[in-house]
There are 2 protein chains.
Amino acid sequence: MNAVEKKLGNEFSERLNTGGFRFTPQRQHVYDVVMQKRDHPTAEEIFIRTKRTMPEISHATVYNCLDALVKCRLVRQVQLERGATRFCPNMAEHCHYFCDACGEVFDVALPTDSTIMPRPKGFKVDHYDIAVHGLCAECAGKSKK
Amino acid sequence: MNAVEKKLGNEFSERLNTGGFRFTPQRQHVYDVVMQKRDHPTAEEIFIRTKRTMPEISHATVYNCLDALVKCRLVRQVQLERGATRFCPNMAEHCHYFCDACGEVFDVALPTDSTIMPRPKGFKVDHYDIAVHGLCAECAGKSKK
DNA sequence: TCAAGATTTAGAATAATTCTAAATTATGTC
DNA sequence: GACATAATTTAGAATTATTCTAAATCTTGA
């Protein structure tokens with residue numbers, strides 16, 4: 001860890017270390033980029049956004065960074081449709097409402113404790129991914145007409 | 001619809017029709033293949049299995065058939081990891097427990113009515129996809145040692 | 001029987017992700 | 001502080017997953 005990072009002594013780099021990863025400027029940038037906008041970008045979209053502040057970053061590195069961030073629970077990985085995986089900056093317990101018509105994603109906080117669900121004997125739960133598919137208000141309105 | 005299908009008068013072909021699709025032998029085969037084994041195969045795996053009874057079927061047709069079956073609610077589409085989408089023959093209300101170590105998928109019936117979840121204003125729910133990630137009993141045991 | 005539309009096919013094209021090997025960077029040891 | 005070791009990054013190739021295309025085939029209803 002260099003002087004700047006030590007001074008910052010930030011939680012970000014501690015979280016990486018705890019997960020067995022090193023701090024790198026690339027991971028910081030990718031993390032910043034995901035946090036900057038409260039949406040659900042694909043790896044490709046994150047790659048494009050990260051290139052704006054770090055033009056020399058490569059594709060593989062973005063995937064590597066995202067994998068590290070997901071493992072350290074700094075970012076969530078979300079599978080909503082066939083095709084590209086998305087990533088989510090919201091680490092609070094929530095589920096995703098996905099509009100099958102326009103692709104919009106809505107985060108909704110989960111009030112109830114999901115751990116009450118029955119589970120296979122011996123299964124050690126890491127996390128829940130709850131996706132609700134349907135039509136957003138706007139698209140539901142359109143499809144009626 | 002030909003004579004054989006008329007005679008069978010099966011629900012399968014009715015379900016396709018209701019969804020705006022025609023009955024085709026390819027759709028029947030793909031459906032049979034998915035139903036035959038209670039697992040969670042990818043499109044590629046389904047393609048391979050279907051070729052056994054219908055060697056001339058093409059890749060694109062398997063995707064086309066699966067799309068039709070999913071739209072008619074005869075088969076479920078499941079996103080559990082990055083990479084290939086899986087398909088599921090179990091149409092009962094259930095969630096998926098996914099072992100991040102070995103990739104095994106366990107179906108668990110959902111007892112509670114999920115519709116109590118809060119939702120964005122005006123959102124028209126089609127269906128819920130609940131995936132629980134973690135380690136299956138076997139892998140949890142291994143990782144402790 | 002014919003026209004229109006749906007479906008299938010092979011294969012190409014595209015998109016998403018992973019792999020590879022070399023270069024670079026950081027860490028701990030003496 | 002120099003060195004060995006291991007982690008990380010990089011460009012680009014390779015692989016995997018999915019979609020597209022255009023022609024051929026099949027089905028349906030008039």
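Residue numbers begin at 1 in each chain, while the letters A, B, ... track the order of the sequences.
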Could you tell me how far apart [X] ([atom1]) and [N] ([atom2]) are, to the nearest whole angstrom?
X       : N      : atom1 : atom2 : result
B/Leu66 : C/dT7  : CG    : C1'   : 15 Å
B/Lys51 : C/dT9  : NZ    : C1'   : 11 Å
A/Leu16 : C/dT27 : CG    : P     : 12 Å
B/Asn64 : C/dT7  : CG    : P     : 7 Å
B/Asn17 : C/dT7  : CG    : P     : 10 Å
B/Phe47 : C/dG11 : CZ    : C1'   : 12 Å
A/Phe23 : C/dT27 : CZ    : P     : 11 Å
B/Glu81 : C/dA16 : CD    : C1'   : 14 Å

Are any protein N/O atoms closer than 3.5 Å to N/O atoms in nucleotides 12-14 of chain C? If there are, list each pair with its distance.
none

How long is the span from the [atom1] atom in [X] to the [atom2] atom in [Y], to the nearest 0.5 Å?
X        : Y       : atom1 : atom2 : answer
A/Arg27  : A/Leu16 : CZ    : CG    : 6.5 Å
A/Ile130 : A/Tyr97 : CD1   : OH    : 9.0 Å
B/Tyr63  : B/Ile46 : OH    : CD1   : 9.0 Å

Query raised in the report: Out of B/Thr61, B/Thr50, B/Thr53, which residue meets the side-chain hydrogen bond (donor to acceptor under 3.5 Å, both in side chains) rule with B/His29?
Result: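 When side-chain hydrogen bond (donor to acceptor under 3.5 Å, both in side chains) is applied between B/His29 and each of B/Thr61, B/Thr50, B/Thr53, only B/Thr53 qualifies.
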Query raised in the report: Would you call A/Asp32 and A/Lys37 a salt bridge, taking side-chain N to carboxylate O under 4.0 Å as the test?
Result: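 Salt bridge: no.
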Query raised in the report: Are B/Asp39 and B/Arg49 within salt-bridge range, i.e. N to O under 4.0 Å?
Result: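 Here B/Asp39 pairs with B/Arg49 in a salt bridge, since their nearest N and O are under 4.0 Å apart.
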Query raised in the report: Got a sec? Which of residues 72-79 of chain A come in under 4.0 Å of DNA chain C, heavy atoms?
Result: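 Nothing qualifies; none.
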Report task. Under 4.0 Å from any atom of DNA chain C, heavy atoms only: list the residues of residues 52-63 of chain A that qualify, in numerical order. Result ->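 Under 4.0 Å from DNA chain C: A/His59, A/Ala60, A/Tyr63.
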Reckon [X] has a side-chain N or O less than 4.0 Å from the OP1 or OP2 of [N]?
X       : N      : result
B/Thr85 : D/dT18 : yes
A/Arg82 : D/dT19 : yes
B/Thr24 : C/dA6  : no
B/Gln26 : C/dT9  : yes

Is there a donor-acceptor contact under 3.5 Å linking the side chains of [X] and [Y]?
X       : Y       : answer
B/Gln26 : B/Gln28 : no
B/Arg76 : B/His40 : no
A/Thr85 : A/Gln79 : yes

Requested in this report: In sequence, state the C-alpha distance, the side-chain angles, and the governing distance for A/Leu135 and B/Asp126, and then conclude on side chain to side chain contact (heavy atoms under 4.5 Å, CB included).
Outcome: CA-CA 8 Å; A/Leu135 298 176; B/Asp126 181 84; over 6 Å; no
Query raised in the report: Under 30°, 30 to 60°, or over 60°: which ring-plane class applies to B/His127 and A/His133, parallel, tilted or perpendicular?
Result: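 Parallel.
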Which atoms of nucleotides 5-7 of chain D (N or O only) lie under 3.5 Å from a protein N or O atom, and what are those distances?
unit_1, atom_1, unit_2, atom_2, d
D/dA7, O4', A/Arg22, NH1, 3.3
D/dA7, O4', A/Arg22, NH2, 3.4

Query raised in the report: Quick one: are A/Pro120 and B/Cys136 in side-chain contact, heavy atoms under 4.5 Å?
Result: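 They are not in side-chain contact.
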Query raised in the report: Within a strict 4.5 Å, meaning less than it, do heavy atoms of the A/Phe87 and A/Val78 side chains meet?
Result: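 In short, these two side chains do not touch, never coming nearer than 4.5 Å.
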Report task. In sequence, state the C-alpha distance, the side-chain angles, and the governing distance for A/Phe98 and A/Glu104, and then conclude on side chain to side chain contact (heavy atoms under 4.5 Å, CB included). Result -> CA-CA 6 Å; A/Phe98 177 73; A/Glu104 189 71 53; over 6 Å; no
Query raised in the report: DNA chain C: B/Gly83 or B/Cys65, which has the more 5' nearest nucleotide?
Result: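 Checking each residue's closest nucleotide, the 5'-ward one belongs to B/Cys65.
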Requested in this report: Let me see the working for B/Cys88 and B/Asp107 under side chain to side chain contact (heavy atoms under 4.5 Å, CB included), right down to the final yes or no.
Outcome: CA-CA 10 Å; B/Cys88 173; B/Asp107 284 12; 4.1 Å; yes
Requested in this report: List for me each residue that meets salt bridge (Lys or Arg N to Asp or Glu O under 4.0 Å) alongside A/Glu44, sequence neighbours excluded, and say none if there are none.
Outcome: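 Counting only residues at least two positions away or on another chain, A/Glu44 forms no salt bridge (Lys or Arg N to Asp or Glu O under 4.0 Å).
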Query - Angle between terminal axes - the helix from C/dT1-D/dA30 to C/dC30-D/dG1, 5 pairs each end, rounded to 10° - result: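 Result, rounded to 10 degrees: 30°.
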Query raised in the report: Can B/Arg86 and B/Glu81 be said to form a salt bridge (charged side-chain N to carboxylate O under 4.0 Å, His left out), step by step?
Result: CA-CA 9 Å; B/Arg86 292 150 173 270; B/Glu81 330 157 72; 3.4 Å; yes
